[in-house]
Amino acid sequence: MPELPEVETIRTQLDPLLRDVSITDAWSFPSAKFSDAPLAVGGRVREVRRRGKYLLFGLDHVSGPLELVVHLGMTGRLAVTEQAPSGPHLRAHWSLEGARHLRFDDVRRFGRVAVVAQGEHAALPTLAALGPEPFDAAFTPEHLRAAVNRSTRAVKTQLLSQRVVAGVGNIYADEALWRAGVHPAARRLTRRQALQLRDAIVDVLGEAIAHKGTTLRDYRDAAGERGTNQFRLDCYGRHGEPCVRCGDPLRRRVIDARTTTWCARCQRR
DNA sequence: CGGGGTTCCTGGCCGC
DNA sequence: TGCGGCCAGGAACCCC
């Protein structure tokens, strides 16, 4: 389940491979989620950027600057290959000058491909309303506290919404809340909690990038390699195991339709 | 416009 | 061994 660190790992790998490369042909799986792929044909990649969990391929095109937007969903994978792409889970591929291919595979089809005029994100409402990048100076404790306290929803729900901060999914939400000592169902943050949660989000994501992401099952980077951050998780998926900070067994409950793990002693309401 | 519910998908796993 | 049922869950979408 690619979140910001996994997408950033892929971006770092794809950017040097695709810069200044032209797209000469394309194919898409017959589903509206991928049918935009051929609209990128004729484009030339300027750079590969990322916003939250979205990859943004900036394209120069005769019709003006375009953006190829790719969201990996739960099981999406991107790779550059020399072989012609094929396989049961292939959802889109693009032929590149130099006899190479960019391929997008996605077993569960939760991913998405869109081609839009640069910056025109109306067709992707979550992208259009995305909160600040966690590593941006705009992601302050004050912003986090104001955004969370403005709503009556649980802090974890707010993190997953992408509107308060970009790129946090279920794994890193549980990790950051645990590290900050904030209860996932809390509906208000004190200044101190907001500072700790901001720092925890930044640290958890930064460390995960340094370890090339978390591979629980499906995630692979653009080279087909697993990340190693799964060996560093303190909380996510460890319900029933002792909290590594206090020893109490971690608990599990569903919040916002997501399995949530937390420590009832370290994360008081 | 915020918020709640529903839908999309398939492989892996569990219990019988 | 075979199989039905359940689970994982991000974001679009619909409706109030």
Side-chain angles (χ1 to χ4, degrees), chain A residues 1-8 10 28-36 50-56 67-78 87-92 104-116 120-131 133-134 146-177 184-188 201 205 208 213-220 226-227 230 233 235-240 250 252-262:
Chain A
M1 39 199 90
E3 303 179 30
L4 185 151
E6 292 73 34
V7 178
E8 178 60 21
I10 292 169
S28 69
F29 181 87
S31 155
K33 288 187 167 186
F34 313 106
S35 58
D36 267 12
R50 179 193 57 72
R51 271 288 277 141
K53 307 175 196 173
Y54 294 83
L55 280 167
L56 308 174
E67 229 168 44
L68 166 61
V69 182
V70 176
H71 193 292
L72 299 173
M74 297 294 297
T75 57
R77 295 185 190 180
L78 281 167
H89 304 130
L90 193 62
R91 305 305 176 202
F104 178 52
D105 295 82
D106 182 10
V107 170
R108 276 152 71 182
R109 297 191 229 166
F110 273 33
R112 170 89 193 261
V113 171
V115 176
V116 299
E120 279 296 319
H121 297 155
L124 300 136
T126 302
L127 175 58
L130 213 53
E133 284 294 313
V148 168
N149 290 359
R150 186 180 304 137
S151 161
T152 59
R153 309 179 81 191
V155 60
K156 174 159 180 182
T157 302
Q158 302 255 19
L159 295 180
L160 295 179
S161 78
Q162 308 302 304
R163 299 167 67 100
V164 175
V165 61
V168 176
N170 205 31
I171 297 172
Y172 300 113
D174 277 7
E175 290 298 298
L177 288 164
R187 289 165 195 278
R188 292 194 63 80
I201 290 168
L205 295 175
T214 299
T215 298
L216 295 174
R217 178 178 300 168
D218 297 292
Y219 168 70
R220 299 291 185 281
R226 297 163 184 266
Q230 62 275 19
L233 298 178
C235 182
Y236 175 86
R238 303 187 71 148
H239 53 89
L250 295 175
R252 170 167 73 162
R253 75 180 251 205
V254 174
I255 294 179
D256 191 34
R258 302 298 192 291
T259 299
T260 298
T261 305
W262 87 103

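Lettering follows sequence order; numbering is per chain, from 1.
Side chain of D218(A) to main chain of T75(A): no donor-acceptor pair is present (N/O by atom type, distance under 3.5 Å, no hydrogens or angles). Listed for the R91(A) side chain is a donor-acceptor partner under 3.5 Å among the backbone atoms of V107(A).
In this structure, R91(A) reaches neither bases nor backbone, as no heavy-atom distance under 4.0 Å exists between it and the strands shown. In this structure, T152(A) reaches the sugar-phosphate backbone alone: every heavy-atom distance under 4.0 Å involves primed, P, OP1 or OP2 atoms, never a base. Contact annotation for E3(A): no contact, since no heavy-atom pair falls under 4.0 Å across all strands. Nucleic acid contact for L124(A): sugar-phosphate only, since backbone atoms but no base atoms lie under 4.0 Å from a heavy atom of the residue. Looking at heavy-atom distances under 4.0 Å, Y236(A) makes contact with sugar-phosphate atoms alone, never a base.
Following rounding to the nearest Å, L127(A) (CG) and dC13(C) (P) show an atom-to-atom distance of 13 Å. One atom, CG of D174(A), and another, C1' of dG10(C), lie 15 Å apart when rounded to the nearest Å. Distance CG (D105(A)) to P (dC9(B)): 17 Å, rounded to an integer number of Å. When rounded to the nearest whole Å, the span between CG of L160(A) and P of dA8(C) equals 14 Å. What separates CG of L55(A) from P of dG10(C) is a distance of 17 Å, to the nearest Å. Spacing between atom CZ of R163(A) and atom P of dA11(C) amounts to 13 Å, rounded to whole angstrom units. In this entry the distance linking NE2 of H121(A) with P of dA11(C) reads 14 Å, nearest Å. Spacing between atom CG of D256(A) and atom P of dG4(B) amounts to 9 Å, rounded to whole angstrom units.
Of the two residues contacting DNA chain B, namely R150(A) and R217(A), the nearest-nucleotide position lying further toward the 5' end is that of R150(A). Nearest-nucleotide positions on DNA chain C place M74(A) closer to the 5' end than the other of M74(A) and T126(A). Between V254(A) and H71(A), the residue anchored closer to the 5' end of DNA chain C is V254(A), taking for each the nucleotide with the nearest heavy atom. Nearest-nucleotide positions on DNA chain B place S151(A) closer to the 5' end than the other of S151(A) and F110(A).
Between R51(A) and E133(A), at least one side-chain N (NZ, or NE/NH1/NH2) sits under 4.0 Å from a carboxylate O, which counts as a salt bridge. Using a cut-off of 4.0 Å between Lys/Arg side-chain N and Asp/Glu carboxylate O, D36(A) and R112(A) are scored as not salt-bridged.
F29(A) has its side chain out of reach of V113(A): every pair of non-hydrogen atoms, C-beta onward, lies at least 4.5 Å apart.
Between H89(A) and dC9(B) there is no side-chain N or O to OP1 or OP2 distance below 4.0 Å. Between Y219(A) and the phosphate of dG9(C), there is no side-chain N or O to OP1/OP2 separation shorter than 4.0 Å. In this structure, T259(A) reaches the dA8(C) phosphate: one of its side-chain N or O atoms is under 4.0 Å from OP1 or OP2. A close approach under 4.0 Å does occur between a side-chain nitrogen or oxygen of Q162(A) and OP1 or OP2 of dA11(C). Dashed line: the shortest gap from a side-chain N or O of R112(A) to OP1 or OP2 of dA11(C) is not under 4.0 Å.
Partner V168(A) forms a side-chain contact (heavy atoms from CB on, under 4.5 Å) with one of L205(A), L4(A), L177(A) and no other, that one being L205(A).
Interface remark: the R108(A) side chain does form a donor-acceptor pair with the dA8(C) base, using a distance-only criterion of under 3.5 Å. A donor and an acceptor atom sit less than 3.5 Å apart, one in the side chain of R258(A) and one in the base of dG10(C).
Nearest nucleotide to the K53(A) side chain, out of dA11(C), dT10(B), dA12(C): dA11(C). Between dG9(C), dG3(B), dA12(C), one nucleotide has an atom nearer to the side chain of R153(A) than all others, and that is dG3(B).
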